[in-house]
Amino acid sequence: MRITFLGTGTSHGVPMIGCACAVCRSDDPRDTRTRPSILIELPALSESRSGESNGFRLLVDTTPDLRAQALRHGVDRVDAVFYTHPHADHIFGFDDLRRFNHLTRQPLSAYGDERTLAAIRRTFSYAYDPDAPKGGGVPDIRLCPVAGPFGMGGHEIEPIPVMHGGTPVNGLRIGRFAYLTDCNVIPPASMARLEGLDVLVLDALRHKPHPTHFRVDESVAIAAALAPRRPFFTHMAHDLPHAETCAALPPGVSLAYDGLVIECR
Ligand SMILES: [Zn+2]
Ligand SMILES: [Zn+2]
Ligand SMILES: [Zn+2]
């Protein structure tokens, strides 16, 4: 499978509006971070009628930067969406899903826990209220609640429950890849489901403590405990200059950055 990091920044993005710090003014492109999202391309299990191999594309979260992210990476098709949780930095690009509806002439399925999908239904009520005016079209998104592993495009997706402050949210595992954005506690039962990973992507907001996100040193400790072959950090604030932070991390651990593409078994 192939993973594209569409965005690796915290909720404000980097640079932040009205900030003149060194990271916000950096000309290293890896210090420009849009809101956090990844695109997972899963290999097709069978060939299409034309003989082309057409993988299954799962978008994880729809950030306020979704339109720019899709344009930058030439994403012209999404087959399903997985929502980790309903914070604004993870759902506010929901309306941009309309383009994928138009391009495929199909509804799109969005998976997430009950609480997340209820928040989406409430926040984007115009898409679900039969009486809402439909001028300009509304996203056609079928909300599919999940409470455990589920199948998609012939692959098994395993939601991984983690804590984000006092709120339970989901990471996900597919094969030997796991993505845990927005968390500060991984319960023991979930730790047990994260063994044998090739790639682990983990929240690492900054060095200072935060009530709902892992600090860099906490994420380093988790990466050491789980020992994935390649650990990457995401959801970074402007406190973390890319080059300098990576140089200080243990060997093999790195910050992800917008546009990074990795292959994973
Ligand atoms: Zn700044
Ligand atoms: Zn969050
Ligand atoms: Zn977030």
Side-chain angles (χ1 to χ4, degrees), residues 3 5-40 59-66 68-69 81-94 96 110-120 122-124 159-172 178-187 190 200-216 218-219 222 232-245 255-258 260:
I3 291 93
F5 289 87
L6 301 176
T8 57
T10 189
S11 58
H12 291 291
V14 183
M16 283 206 301
I17 294 173
C19 184
C21 79
V23 178
C24 287
R25 283 184 299 118
S26 165
D27 49 22
D28 182 339
R30 296 167 304 178
D31 285 329
T32 294
R33 302 175 181 134
T34 60
R35 269 59 73 87
S37 175
I38 56 170
L39 181 72
I40 304 175
L59 176 66
V60 181
D61 294 330
T62 56
T63 82
D65 298 312
L66 174 57
Q69 292 169 339
V81 180
F82 181 85
Y83 280 109
T84 59
H85 68 303
H87 282 164
D89 52 329
H90 297 259
I91 68 170
F92 272 17
F94 176 86
D96 287 334
Y111 298 80
D113 62 24
E114 289 274 10
R115 194 185 132 269
T116 298
L117 300 187
I120 287 171
R122 200 168 55 239
T123 308
F124 302 96
I160 304 287
V162 290
M163 294 304 291
H164 183 25
T167 309
V169 307
N170 276 319
L172 63 80
Y179 180 70
L180 305 178
T181 182
D182 293 62
C183 52
N184 66 333
V185 172
I186 304 176
S190 293
L200 169 68
V201 183
L202 185 59
D203 185 353
L205 184 73
R206 62 188 191 193
H207 294 299
K208 283 181 292 180
H210 189 277
T212 65
H213 293 275
F214 280 128
R215 301 185 310 252
V216 171
E218 292 172 317
S219 300
I222 290 165
F232 292 95
F233 295 160
T234 192
H235 212 293
M236 282 83 63
H238 67 153
D239 311 53
L240 302 179
H242 184 90
E244 201 181 310
T245 308
L255 302 187
Y257 53 88
D258 286 29
L260 173 65

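Whatever order the structure lists ligands and atoms in, that order sets their numbers, starting from 1.
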Heavy-atom side-chain proximity of Phe94 to Val81 below 4.5 angstrom: no

Backbone or side-chain N/O/S of His213 under 2.8 Å of the Zn ion (ligand 2): no

For the Zn ion (ligand 2): the N/O/S atom of His87 at shortest distance: ND1

Metal site the Zn ion (ligand 3): N/O/S of His90 inside 2.8 Å: yes

The Zn ion (ligand 2) to His85: nearest N/O/S atom name: NE2

Proximal heteroatom of His238 relative to the Zn ion (ligand 1) (N/O/S): ND1

Cys21 atom SG and Cys19 atom SG as seen from the Zn ion (ligand 1), angle to 10 degrees: 110°

Test applied, salt bridge (Lys or Arg N to Asp or Glu O under 4.0 Å); reference residue, Arg35; option that passes from Asp61, Asp65, Asp182, Asp258: Asp65

Plane angle bin for His90 and His85 - parallel if under 30°, tilted between 30 and 60°, otherwise perpendicular: tilted

The Zn ion (ligand 2) to His164: nearest N/O/S atom name: NE2

Neighbour count >12 (heavy atoms, 6.0 Å) for atom NE2, His210: yes

The Zn ion (ligand 3) - closest N/O/S atom in Asp182: OD2

Minimum side-chain heavy-atom gap Ile160-Leu180 below 4.5 Å: yes

Contact flag His235/the Zn ion (ligand 3), N/O/S atoms, threshold under 2.8 Å: yes

The Zn ion (ligand 2) contact by Asp89, N, O or S atom under 2.8 Å: no

Minimal non-hydrogen separation, Phe124 against Ile91, with atom names: CZ-O, 3.4 Å

Nearest-0.5 Å distance, CG of residue Leu255 to NE2 of residue His235: 14.0 Å

